[in-house]
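Working notes for the structure below.
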Protein chains: 2
Amino acid sequence: MANISDIAKQAGVSKSTVSRVLNGHKHVSKEKRRIILDVMERLEYSPNGNAINLSRGETNTIGVLVPRVGHPFFHQLIEGIGQVCMERNHTLLVIQTEHDSSKEEASMQYLRDKRIDGLIIGAISQPQLLKTMRTLGPVVACEDHQGIVPSLSFNHEKAITMLLQHVEERGAKTVGLCLGNPDSGVGRVRREAFDQYLKTSTLRHGIQWYADRCYSFEDGQALASQLLTIDLPDAIIVGNDEVAAGLIHQFRKDGIRVPKDIAITGFDDRPIARALGLTTIRQPVVGLGRLAAKQLLDQKELDNQKKIILEMELMIRRST
Amino acid sequence: MANISDIAKQAGVSKSTVSRVLNGHKHVSKEKRRIILDVMERLEYSPNGNAINLSRGETNTIGVLVPRVGHPFFHQLIEGIGQVCMERNHTLLVIQTEHDSSKEEASMQYLRDKRIDGLIIGAISQPQLLKTMRTLGPVVACEDHQGIVPSLSFNHEKAITMLLQHVEERGAKTVGLCLGNPDSGVGRVRREAFDQYLKTSTLRHGIQWYADRCYSFEDGQALASQLLTIDLPDAIIVGNDEVAAGLIHQFRKDGIRVPKDIAITGFDDRPIARALGLTTIRQPVVGLGRLAAKQLLDQKELDNQKKIILEMELMIRRST
DNA sequence: TTGAAAGCGTTACCAC
DNA sequence: GTGGTAACGCTTTCAA
């Protein structure tokens, strides 16, 4: 593989001049530029990215930290971030933790060793790591982490409130709650918003109607079966469309009428929600990803206090 | 940020020695090793990745080329590849083309400029690029590209055959086909297998029962409405669960009984398939990703002729 | 067991 | 406009 010196030699110029045409600098005579370009073409020259990175001290690469790319929220997020990266000639490094917390720590390494210029946090289970990360380079989070790093997030409080208000208007007197990871940022915020709403409402909740760590269709089915062994609440707020779909599926199988016997709501507005007529919350996740990437790439100085809140939309369907 | 020279200086040794402990070489006295480690700790030293990459001429990073990470097939694939990368301390670069063919060409650049050691092709719309890619470095494809690059792929012929056999056994006399991208590797293979099967069967197909470029739930709904304006086939093979779900949804809305009036099959065994009781084909995509990554990382010399075929499973449910 | 020095392929500063 | 040369931070070979 030819390198910049080969080009310089064959073109009868110095490396500097070659570098100049490589980077589109002015002050290179038309004549030499042409010759250099010719030689490059002939030798199928391509600059070595690592050398450029090393020399410039930056990589034009950003990372995104997610538990799993398979999760709908995260792959939409990555899609959005990826779009912006393309538009700005940056590359995107995807770091999957697979819920292994040591992987979260390892992700800092990319920042440390200069393999990425910045990092977007899709979700993190050890928020205490954020402080260190922030010292290593630009970071933005896609969940709220009160002032430790700049963040963009959805208005989960409002979403939960909308859902509760909605089922209450439809006549629910009792309500259940089913979450995914209760320790995640979202999990905590949703839980709080839920509790908060109940304080000022006549809606009743009971511990027997609470569940968490539900992630899949099957988890939803299992939960339905379990709920059937006790009294059903009039409504249940579920943190994820697929779990909600599992519930609906199992309830219907067992002759429970939705929403007559129990109203069910989901989150995310996935295709399955449309298919089953599930009332849910639509979150513009791709848009969130785009915004996060822009924040990271645009801001020279990131403000840790900066917090952007995105609104969501209530999609009312026949499950409530 | 401290660099290797700082460490050497402070520890009173040469860069070589520091480098040796960095890379776990033997022949370093216990004493010096301890001192060096201490200094590193104190200075919070972390080696610069780009310098290592440049010096070694490899990056321990591989790329994966996909149209969109949002597509279920591709994010499962990425998940599998990512797992293997983690296990082997490699990094994964995700390259999204968003169906823009110039992005496919651009992806070769990563190989050229040494930013990645190898490339996994999730899907490619311009297979002619593969020849060039192969000259630039190790490449494996997750679709069959007859001997241009080593490939891993699912036995789509057999899957289509199983589906057709199945609906035929259930009494279908006429059958429709609905594909995604007809020009993709999979699209072509499925089409051919479909045509092939019909030749030796009494099942009938007609051009009015063919559709392609259907990707979403909504596309399925639209197709259902369109089919309703003509005679329905007894069964329809759909290349994607979400599209099949859209069909079922719309048909039911219009009073068409599934599978009585029309049997429907999907592909992928997504949650939505279980929810709607859709007969479909389950593909172990994560496993495919894992295998592909292992191929790329394990083989010193990749054999372009090598072809691994993975079997799939027919999931029979109540839509047929 | 250790060190000196020559790469690796660029960029960027300083002369001319 | 152009060229020389010192970075950038590491690995690796050769001697000692």
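Note that this is a predicted model, so its numbers are computed, not measured. Chain identifiers are assigned alphabetically (A, B, ...) following the order of the sequence lines, protein sequences preceding nucleic acid strands; residue numbering begins at 1 within each chain.
Distance, B:Met1 CE to D:dG9 P: 11 Å, rounded to whole Å. Distance NE2 (A:His27) to P (C:dC13): 14 Å, rounded to an integer number of Å. In this structure, CG of A:Asn50 is placed 18 Å from P of D:dC8, rounded to the nearest angstrom. Rounded to whole Å, atom C1' of D:dG9 lies 11 Å from atom CG of B:Leu22. Distance CZ (A:Arg20) to C1' (D:dG1): 7 Å, rounded to an integer number of Å. Straight-line distance from the NZ atom of A:Lys32 to the P atom of D:dG1: 12 Å, rounded to whole Å. Between A:Arg115 atom CZ and D:dC10 atom P the separation is 11 Å, expressed in whole Å. The CD1-P distance, from A:Ile52 to C:dC8, rounds to 17 Å in whole Å.
Distance alone, capped at 3.5 Å, places no donor-acceptor pair between the A:Gln295 side chain and the A:Leu291 backbone.
We find that B:Arg213 and B:Asp183 are joined by a salt bridge, their nearest charged nitrogen and carboxylate oxygen being less than 4.0 Å apart.
Base contact: B:Ser19 has a heavy atom under 4.0 Å from a base atom. Using a 4.0 Å heavy-atom criterion, one finds that A:Ile4 contacts the bases of the nucleic acid, with or without backbone contacts as well. Within 4.0 Å (heavy atoms only), B:Asn23 reaches sugar-phosphate atoms of the nucleic acid but no base atom. Residue contacts for B:Asn53: at a heavy-atom cut-off of 4.0 Å it reaches no nucleic acid atom on any strand shown. In this structure, B:Val18 reaches neither bases nor backbone, as no heavy-atom distance under 4.0 Å exists between it and the strands shown.
Judged by distance alone with a 3.5 Å cut-off, no donor-acceptor contact links the side chain of A:Arg33 to the base of D:dG1. For D:dT5, its base never sits under 3.5 Å from the side chain of A:Lys15 at any donor and acceptor pair.
In the set C:dG9, D:dC10, D:dT2, C:dG9 carries the atom at the smallest distance from any side-chain atom of A:Ala51. In the set D:dC8, C:dT11, D:dT12, D:dC8 carries the atom at the smallest distance from any side-chain atom of A:Leu54. The side chain of A:Ser14 approaches D:dG3 more closely than any other nucleotide in the set C:dT2, D:dG3, C:dT11.
Look at B:Asn3 and you'll find a side-chain N or O under 4.0 angstrom from OP1 or OP2 of D:dG9. For D:dT2, one of the phosphate oxygens OP1 or OP2 lies less than 4.0 angstrom from a side-chain nitrogen or oxygen of A:Ser29. Close to C:dG3, at under 4.0 Å from its OP1 or OP2, lies a side-chain N or O of B:Thr17.
When each of B:Ser16 and B:Ser55 is assigned the nucleotide of DNA chain C bearing its nearest heavy atom, the one mapping closer to the 5' terminus is B:Ser16.
Defined by atom type and a distance below 3.5 Å, a donor-acceptor pair is missing between the side-chain atoms of B:Asn53 and B:Glu58. In the model, B:Gln109 has a side-chain atom that pairs as donor or acceptor with a side-chain atom of A:Ser46 under 3.5 Å.
Dense packing is recorded around CD of B:Gln128, with more than 12 heavy atoms of other residues, nucleotides or ligands lying under 6.0 Å away.
Every residue two or more places apart in sequence or in another chain that forms a side chain to side chain donor-acceptor pair (under 3.5 Å) with A:Gln126 is listed here: A:Glu104.
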